Amino acid sequence: MNTQRKALCLILCLPLLSVLLSGCWDDRELNELGVTSGSAYDWENDQWKATYQVINPSSGASGMGGSGGGSTSSPPFVTFTVKGRTIMEAIERTNLTSTREMFFSHSRITVIGESLAKHGINQLIDMFLRKQDARETVYVFISKGEAGDILDQLMQLTKNQGAGIQLMIEQESRLLSYYPGTRLFELAMSLASESGSAVLPEILLTGPDIMDETSETGRTDLPSRLALGRLGVIKGEKFVGWLSQKQAFGLSFMTDHIETATIAFASQPRKSDKLDASFILQNSTTAVHPVWAKDHFIMDIDIKGSGVLTELGSVMDLNDRNAISQMEESLEQQVVDLVNNSWMEVKKLGADVTGFAVRVHRSDRKRWKQIEKEKSWDSVFKEIEIRPRVSFQIERTGLSNKSFKSVQQE
Amino acid sequence: MPQNQQKGRKTAKDPVETSVPAPLPLNPSLEVNLQEIGKRIGSSSDIVIRNFTNESLSSLSLTFIYIDGLVNADAVNQTVLQPLMESVTLKGDTITAEAAFSMIKDQMLPVGGVKEGKTLEVLLAMLFEGYTLILFEGLQVALAADTSGWEKRSINEPTSQGVIRGPKEGFTESLRTGTSMLRRRLKTTDLRIEEYKIGQRTQTGIAIIYLKGIASEQVLTEIRRRLDAINTDAILESNYIEEFIQDGGLTPFPTIQNTERPDAVAGGILEGQIGIIIDGTPFALLAPSTFFNFFQSSEDYYQRYDISSFLRLIRYGAFFVSMLLPALYIAVTTFHQEMLPTTLLISLAAQREGVPLPALAEALLMELTFDVLREAGVRMPRTIGPAISIVGALVLGQAAVQAGLVSAAMVIVVSFTAISNFVIPSLAIANSIRLIRFVMMFIASTLGLFGIMSFMMVLLIHMAGLRSFGVPYLSPVAPMIPRYLKDIFIRVPLWSMSMRPKTDLGKETRRQGPNQKPQPVEGANQGSPEQPKPQGEDPE
C-alpha cells in the first residue's frame with residue numbers, strides 16, 4: 001500500500017475516532033440508578049414540593065432466589081421529599097439526600113396535590129414534555145390533600161407501587177369505565193385543545209393512617225388502602241371542582257370513553273324502581289352532533305351499545321320479546337339519567353370537559369371563529385342543552401330463559 | 001493484492017534457504033553412491049541397507065535400501081528380497097549388470113510401481129515415500145519398487161463434526177484414503193484429482209479434487225496458481241494451505257471451509273466447489289466458500305427439509321446471539337435502561353447490587369473465563385475432564401455470583417452466548433464470532449446501541465467487499481440472486497432444488513430433472529397401482 005493511500009485512510013479515520021469519544025459520558029450502571037416508579041407534586045409556601053418514590057431493588061422486588069425473602073425489613077421502595085423554587089431544582093436536590101441518580105424513564109404515575117392543582121399545573125406539564133428521561137405516558141392523578149402521602153402507602157400484592165397504581169387505573173378503565181385513565185400527554189392535549197379543560201381521576205387513601213411499614217403488609221386487610229375516588233376537573237391550568245363517581249360515569253358516556261361497563265337497572269320499571277338486574281355493556285359508541293338553535297347549541301348525544309344480561313332478580317320470562325324491550329328501555333333511561341346528572345354538574349363547574357368545543361369547531365367552523373374572536377365560549381357553553389338519546393341492545397341473556405326466582409316459584 | 005501475488009511468484013524461483021543441493025547424477029560406482037547417500041541422510045537407525053553380491057562373478061552387485069517404518073516389511077520381503085535372492089539366473093556367472101537391470105525391472109518384481117531413477121535426488125525422494133531402492137554396481141540408473149505401507153489410522157467417525165443421521169466416516173491423515181473416499185462417492189469420469197507436492201522439507205502431498213464441467217475453470221486456474229506460488233518449507237496441516245491461498249486482507253471471517261467429512265466435501269464438489277485434501281491431516285478444505293456455506297451442515301440434507309430449515313434459522317439466530325448478546329446486555333444496562341421492562345430492570349439492578357465492576361468488566365471477566373475454560377477443556381487430559389467442569393460450573397458460576405463478583409444475569413448471558421456459539425456448525429466461523437464479540441462488547445460499552453449498529457454496518461460493508469476466489473462472500477444475498485436463495489436461509493425440499501446453487505461457478509447448472517415433486521398418478525386406484533387390465537379390453 002502506498003503512503004498516499006495510507007495517509008488518506010488515516011485522515012478518514014480521525015473523524016471516526018472522535019465518534020468513539022462521544023459515548024462514555026452518559027453511561028450509567030444499573031446500581032447507580034434510583035429508579036423512580038412514581039412522583040407526586042405539591043405546592044407549599046410558594047415552593048414546589050416534590051416526592052419521589054424510588055424502587056429499592058435489593059428488597060427482592062422480583063423474589064430473588066434465596067437472597068431476598070418476602071418479609072424482610074427493607075421496604076420495596078423509599079420516598080424522598082424535596083423542595084425547590086422550580087421542579088428541576090427540587091429534583092437536583094434529591095442528590096443531596098440520595099445515593100443514586102434519579103431515573104425517571106420507568107416512572108408510571110404522577111400525583112398532583114390539590115394545593116398544586118389550585119396553583120396551576122402548566123409548569124409541571126412543561127417539565128415533563130421537555131425533560132429527556134421523563135415519560136409523557138405516565139398516568140396523572142389528583143389527590144385531595146398532600147399528594148406525597150399517597151406515595152408512602154404500601155400496596156398489597158405488588159412491590160412496585162407505581163406500576164400497581166397504573167394497573168389499577170388501567171383495569172378500571174377497561175372493566176368499569178367510570179373514568180378514563182389520563183396520561184400526561186392526554187392531559188396536555190385536552191388542556192391545549194379548544195375546550196381547555198381536562199379531568200383527572202382522584203387517588204385517595206381509604207383510611208386515616210398511612211400504612212408505610214413493611215411489617216404492616218403482612219396483614220390481610222389493611223385498614224387503609226389506595227383507591228380511586230372522584231374525578232377532578234381542571235380548567236385552564238387550575239382545579240375547579242369534583243365530579244362524583246356517578247357523574248364521572250355519565251361523563252364517560254358523553255365522551256365515548258366506555259370500554260366495558262356494568263350497569264345496574266330496574267328490570268321491571270313499571271312495577272318498581274328497585275335495581276334488581278345488571279347488564280354488561282360490551283360495546284358502546286357515542287356520537288355528538290351540535291345543532292345551533294337560534295341562540296344556543298343543542299348537543300345531540302347518540303349513545304348506542306350492546307351487551308349481555310348477567311343478573312336478574314325478578315320474575316320474568318325472557319322468551320318474551322316485550323320483557324327484553326322493557327329492560328332495554330329501563331337501561332336506556334338509566335343512562336340518560338346518568339348523563340343528565342353529569343351534565344348538570346359539568347355545566348355548574350363551567351369547564352368543558354365534555355370536549356364540546358372540539359365538536360363545535362369541527363361541525364360549525366364559522367360560528368366557532370366568531371366564538372373564538374369574542375372569547376365567548378364560556379358563556380356559550382353555559383347555554384348548551386343536551387339531548388341524550390340512548391339505544392341499548394341486550395344481545396344475550398345467558399344460559400337460562402328464566403330467572404332463578406321464577407324457577408323456584410314454579 | 002496484486003502486488004503481493006507478484007512478490008510470491010518472484011520468490012518462487014529462488015528457493016527458500018534449505019540445505020537441498022543441486023541434483024546429482026548417479027555414479028557408476030555403487031560404493032560412491034552409497035557413500036553419497038550416507039552423507040545425505042546420515043546414519044539414521046531406520047535406514048536399512050542390504051547388499052546382494054553374486055558369489056561366482058563379482059561383476060553383479062546390488063544394494064537394497066529402504067526405510068523401516070515407511071515400507072511394508074512383508075512387501076519388501078516377498079516382492080523384492082525373496083524373488084531376487086532366490087533367483088537362479090542372477091546367481092549364474094554370465095549375467096551382466098545391464099541384463100540384470102532389465103530383467104529385474106521387467107520380470108522379477110511383482111510390485112505395482114517400479115520406477116527408474118537417475119539422480120540421487122529423485123531416488124531419495126522416492127526412498128522417503130516408502131520405495132525400496134535397488135542400486136546396481138556399474139550402472140548410472142537405479143530401480144525403485146513401491147513397497148510403501150506405513151501405519152495408518154483406520155477410518156473413524158469425525159470427531160469435530162458429528163451427525164445423528166448420515167455417514168459416520170471421516171477423513172484420515174492419509175491423502176490416498178481421502179481421495180479414495182471421494183472416488184467412492186463420486187463415481188463419475190468427470191472427477192479430477194490433481195496432486196501437488198508442497199513444502200521443501202515436508203514434501204506434503206496435496207490433492208485438489210473437482211468435477212470437470214461443474215467447477216469453475218477460473219477458480220481452478222486461480223487455485224492452481226496460488227498453490228504453485230506457495231514456497232515454504234513445511235505444510236503440516238490444512239490451515240497452512242488455507243492461509244497461503246485464501247484471499248488476502250484483514251478479515252476475521254474464514255473464506256475457505258474446512259471439514260472432516262467426506263460427504264460434505266462431495267456435496268461441495270457437486271455444487272462446484274473445489275476440494276483440497278492435504279496429506280497428514282483429516283481436515284479437507286473447500287473453496288470458494290461464501291458466508292452462508294458456514295451455516296449449512298451436511299446433516300441438513302439428511303433429514304426432512306422443514307426440520308432442516310427450522311434448524312438453520314436457529315443457527316442464524318444463534319449466530320446473532322453469540323455475536324451480540326453480551327454487547328446488547330452491556331449497551332442496554334448502561335445506556336438504554338428505559339428499554340427494559342421495569343420488573344426486569346429492577347431484578348437486574350437487584351442482582352447488580354454490590355457488584356463492584358462495571359458491566360463491561362463484568363462481561364469481559366466472564367467471557368475470558370469461559371474462553372480459558374474452553375481452552376483448558378481442549379488441552380487437558382481426558383481423565384481430568386470432570387474436574388474442569390466442576391471448577392467451571394460450581395466455582396466460577398455459582399461461587400462468583402455468591403461472592404458478588406458478577407451478577408447472576410451475566411452468568412446467564414455468558415453461558416447462553418457460549419452455548420449459542422456451539423450451535424454454529426463450522427468451528428471456523430464460530431471462532432471468528434468469538435473474536436468479533438469482544439470488539440462488539442468494547443464498542444457497546446462506549447457507544448451503546450448506536451455503536452453496535454455502527455459496528456454491524458462496518459462488518460456488513462466489510463463482508464460485502466470480501467471475495468473468496470472471486471466469489472462475493474455474501475452471495476447470493478448480496479449481490480442478490482433470488483433464484484439461489486433456496487438453500488440459504490431455509491432449505492427447500494430436495495425435489496425443488498433442480499439447479500446448482502452457484503451457477504456462476506461452472507457451466508453445468510442443472511443437477512436434476514424438473515418436476516421432481518412426487519405426485520400421485522391421476523386416477524390411480526389407491527392401494528394397488530398396477531391393477532391387471534380387464535380381459536375384455538384385449539382385442540384378441
Side-chain angles (χ1 to χ4, degrees), chain A residues 1-2 5 13 16-38 54-68 74 76-77 99-109 132-135 137 158-164 166-167, chain B residues 1-4 248-250 329-363 398 401-404 407-412 439 442-455 457-458:
Chain A
M1 199 181 273
N2 53 27
R5 253 175 83 186
C13 282
L16 277 178
L17 285 177
S18 65
V19 168
L20 287 177
L21 292 174
S22 68
C24 293
W25 61 273
D26 68 347
D27 77 314
R28 289 167 297 196
E29 294 295 334
L30 284 181
N31 42 0
E32 295 163 1
L33 290 181
V35 181
T36 57
S37 67
V54 177
I55 294 173
N56 175 7
S58 51
S59 80
S62 62
M64 258 268 294
S67 69
S74 82
F77 57 80
T99 52
R100 298 190 177 199
E101 183 187 343
M102 291 291 143
F103 180 69
F104 292 95
S105 291
H106 283 271
S107 199
R108 302 297 185 83
I109 56 157
Q132 231 179 10
D133 64 347
R135 289 288 170 266
T137 50
T158 176
K159 285 186 169 169
N160 179 355
Q161 198 208 12
Q166 181 192 15
L167 272 182
Chain B
M1 300 271 157
Q3 284 174 328
N4 276 354
L250 268 173
Y329 178 83
I330 293 171
V332 169
T333 55
T334 56
F335 287 95
H336 314 281
Q337 293 95 348
E338 62 273 8
M339 283 179 69
L340 289 165
T342 312
T343 30
L344 181 61
L345 174 85
I346 294 163
S347 147
L348 289 180
Q351 292 171 30
R352 275 196 60 79
E353 283 311 289
V355 174
L357 305 166
L360 172 70
E362 202 187 340
Q398 181 90 346
V401 173
Q402 277 184 356
S407 62
M410 186 51 91
V411 175
I412 297 172
V439 183
F442 276 108
I443 289 180
S445 73
T446 52
L447 290 172
L449 285 180
F450 167 71
I452 292 179
M453 274 326 285
S454 326
F455 189 58
M457 301 259 208
V458 171

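Chain naming here is simple, since letters A, B, ... match the order of the sequence lines and numbering starts at 1 in each. Remember, predicted model here, so these are calculated numbers, not experimental data.
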So CD1 of A/Ile55 and CD1 of B/Ile346: to nearest 0.5 Å the spacing works out to 3.0 Å
How long is the gap from CZ on B/Arg352 to CD on A/Glu32, to the nearest 0.5 Å?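 Answer rounded to 0.5 Å: 8.0 Å.
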Ranked by heavy-atom pairs below 4.5 Å to chain A, first place among B/Leu344, B/Thr342, B/Leu345 goes to B/Thr342
Note: A/Pro57 and B/Ala350 closest approach over all heavy atoms is O-CB, 3.2 Å
Note to self: Can you give me the closest heavy-atom contact between A/Ser105 and B/Glu338, atom names plus distance?
What the structure shows: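 Reported closest heavy-atom pair: CB-CB, 3.3 Å.
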Fill in: Sidechain-backbone polar pair: B/Glu353 side chain, A/Asn31 backbone, donor-acceptor under 3.5 Å
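It does not hold such a pair.
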Quiz item: Does any N or O in the side chain of A/His106 come within less than 3.5 Å of the main-chain N or O of B/Leu340, such that one atom is a donor and the other an acceptor?
Solution: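 Pair found, side chain donor or acceptor close to backbone of B/Leu340.
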- Query: Are A/Leu33 and B/Gln337 side-chain neighbours, meaning at least one heavy-atom pair lies under 4.5 Å?
  - Reply: yes
With only heavy atoms counted, which part of A/Phe103 is less than 4.5 Å from chain B, the side chain, the backbone, both or neither?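 Contact with chain B: side chain only.
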**Polar contact flag, side-chain donor to acceptor under 3.5 angstrom, B/Thr333-A/Arg28** = no
